*Asks:* 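Right, I'll just put the structure down here and ask away after.
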Amino acid sequence: MADPARGAPWQTVSTLGLAQTVAWASSYYLPAMLATPMAADLGVASATVFAAFSLALLVSALLGPAAGRAIDRHGGRPVLMASNLVFALGLCAMSQAQGQLGLFAAWLLMGLAMGSGLYEAAFATVVRLHGRDARQAITGITLIAGFASTVGWPLTTLLEQHWGWRGACLAWAGLHLLIALPLNWRLPGLHQHASADAEATPPTRQQDSATGSATRASDTHQANGRRTTALLALVFAIMGFAGTAMAAHLPRLLQAHGSSLAAAVAVGALIGPAQVGARLLEYGLLRRAHPLWVARVAAAMHPIGAMALAVIGAPAALCFGLLHGAGNGILTIVKGTLPLALFGPQAYGQRMGVLMAPARVAQALAPWLFGLCLDRFGAGSLWLSAGLGALAVAALMLVPKPSAAASGAP
């Protein structure tokens with residue numbers, strides 16, 4: 001049971017879920033709606049806007065481990081509140097950009113905020129507050145913030161239609177200051193007495209070296225931990241690449257397999273509901289299953305759907321879309337729950353930053369690289385994402401048992 005003094009889990013979930021909705025809608029999902037008007041007004045290509053967004057993802061990858069360490073030491077409240085201020089600053093800077101230089105500078109600021117204010121920071125915050133009891137809270141946060149695109153895209157479009165893209169950026173900056181910042185301020189702070197993650201206190205060097213056999217066991221556990229960290233980083237990078245590539249190119253990919261534009265758009269519209277439905281399934285029926293087993297099943301959904309699409313063609317487009325969306329939805333949760341189950345709460349924030357850094361780089365490169373594959377190979381480019389998905393499943397099968405991984409270091 002979580003310490004009541006630290007706030008009831010449902011309060012933490014609702015607070016972080018709503019704040020994360022604002023954070024995701026105003027950053028990750030912003031270019032989809034504003035790239036075209038931004039490019040037209042600034043006199044640059046739309047690809048330049050997405051290149052600036054890729055810069056933000058790269059910056060967030062570099063900052064992630066440091067932000068995680070700060071949460072481990074000081075709790076998530078000050079880090080998330082600071083991210084809201086930087087989000088607001090970046091959006092204000094974006095609204096004043098007059099050319100390519102100003103655009104890239106604004107997205108650099110956004111990258112700093114994204115590195116300390118998106119899911120990884122929220123997951124580290126809830127683990128810092130509730131320790132090993134954080135699994136359901138992590139799932140709850142993703143259930144709420146999973147509607148970021150559902151809320152963000154229409155709202156951004158409405159704001160742009162009434163006040164232009166600059167006004168839309170300023171409005172999102174205001175929402176960070178008026179909604180997200182007060183929400184994160186409501187998060188409970190850390191207490192001086194024993195915390196929920198006291199169980200995570202690392203053994204002292206003297207305890208580790210009490211006997212020769214204990215030392216050898218510790219070395220073995222650390223080696224398993226490093227191996228597990230490398231495998232999980234690979235899995236998260238693959239899934240980040242596949243998820244971002246599909247978000248950018250799914251309609252075009254389905255058309256290459258014989259679907260009409262209307263059918264491709266309809267399948268794309270079902271990705272969001274499939275993600276939310278799968279997260280509800282994880283919250284209910286799968287809540288007692290070990291996250292490693294859940295991760296293996298979720299990672300297999302994309303390659304299974306891809307195989308069906310490759311063999312059957314357009315009639316399997318709906319199957320592919322639903323399987324991809326469901327797997328992607330569950331894997332968003334697994335990114336938070338699996339490291340917690342394998343390693344425990346100790347240094348969780350730093351570990352999340354390390355694990356997700358390759359994923360952020362993969363996300364930054366995915367639209368460009370998968371677009372090149374589509375240009376050259378057409379429908380055959382699906383084999384790239386299917387093969388990567390199969391590699392992710394194989395990597396998860398190689399992850400050591402939790403007892404062997406639990407003592408490793410990031």
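Just so you know, these numbers come straight off a predicted model, no measurement behind them.
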*Asks:* Mind checking the OG-CD1 spacing from Ser385 to Ile238? Nearest 0.5 Å is all I need.
*Replies:*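 Reported value, rounded in 0.5 Å steps: 11.0 Å.
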*Asks:* Give a yes or no on this: more than 12 heavy atoms of other residues, nucleotides or ligands lie within 6.0 Å of atom CZ of Phe104.
*Replies:* yes
*Asks:* Rounded to the nearest 0.5 Å, what separates atom CG in Leu158 from atom CH2 in Trp163?
*Replies:*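 With rounding to 0.5 Å, CG (Leu158) is 7.5 Å from CH2 (Trp163).
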*Asks:* Only counting residues at least two apart or in another chain, list the ones meeting salt bridge (Lys or Arg N to Asp or Glu O under 4.0 Å) with Arg279.
*Replies:* none
*Asks:* Angle between ring planes, His324 versus Phe320, binned at 30° and 60°: parallel, tilted or perpendicular?
*Replies:* parallel
*Asks:* Side-chain donor-acceptor pair under 3.5 Å between Gln275 and Asn328, yes or no?
*Replies:* yes
*Asks:* Kindly indicate whether the side chain of His290, heavy atoms from C-beta on, has any atom under 4.5 Å from the side chain of Val294.
*Replies:* no
*Asks:* Taking side chain as C-beta onward, heavy atoms only, is Met94 less than 4.5 Å from Met38?
*Replies:*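 The answer is yes, as the side chains (C-beta and beyond) meet within the 4.5 Å cut-off.
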*Asks:* Taking side chain as C-beta onward, heavy atoms only, is Leu398 less than 4.5 Å from Arg227?
*Replies:*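 Yes, close enough: below the 4.5 Å cut-off.
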*Asks:* Fit a plane to each ring of Tyr29 and Trp24, take the angle between them on a 0 to 90° scale, and name the class: parallel (under 30°), tilted (30 to 60°) or perpendicular (over 60°).
*Replies:*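 Tilted.
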*Asks:* Only distances under 3.5 Å count here; give the side-chain donor-acceptor pairs of residues 54-69 to other protein atoms, sequence neighbours excluded, each with its distance to 0.1 Å.
*Replies:*
from  : atom 1 : to     : atom 2 : distance (Å)
Ser54 : OG     : Phe50  : O      : 3.1
Ser54 : OG     : Ala364 : O      : 3.1
Ser60 : OG     : Leu57  : O      : 2.7

*Asks:* Does Glu160 form a salt bridge (Lys or Arg N to Asp or Glu O under 4.0 Å) with Arg166? I'd like the steps, not just the answer.
*Replies:* CA-CA 8 Å; Glu160 194 275 330; Arg166 297 180 187 274; over 6 Å; no
*Asks:* Can you find a pair of side-chain heavy atoms, one from Leu232 and one from Leu396, that are under 4.5 Å apart?
*Replies:*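 Yes, at least one pair of side-chain atoms sits under 4.5 Å.
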*Asks:* Can you find a heavy atom in the side chain of Pro339 that is under 4.5 Å from one in the side chain of Leu355?
*Replies:* yes
*Asks:* Within the 3.5 Å criterion, strictly below it, is a donor on Thr125 or Tyr348 matched to an acceptor on the partner's side chain?
*Replies:* no
*Asks:* Will you find, in the side chains of Thr156 and Trp172, an N or O donor that is under 3.5 Å from an N or O acceptor?
*Replies:* yes
*Asks:* Pick one: which of Asp133, Leu187, Thr12 meets side-chain contact (heavy atoms from CB on, under 4.5 Å) with Val126?
*Replies:* Thr12
*Asks:* Does any non-hydrogen side-chain atom of Met352 lie less than 4.5 Å from one of Tyr119?
*Replies:* no
*Asks:* If you count heavy atoms of other groups shown closer than 6.0 angstrom to CE of Met307, is the number above 12?
*Replies:* no
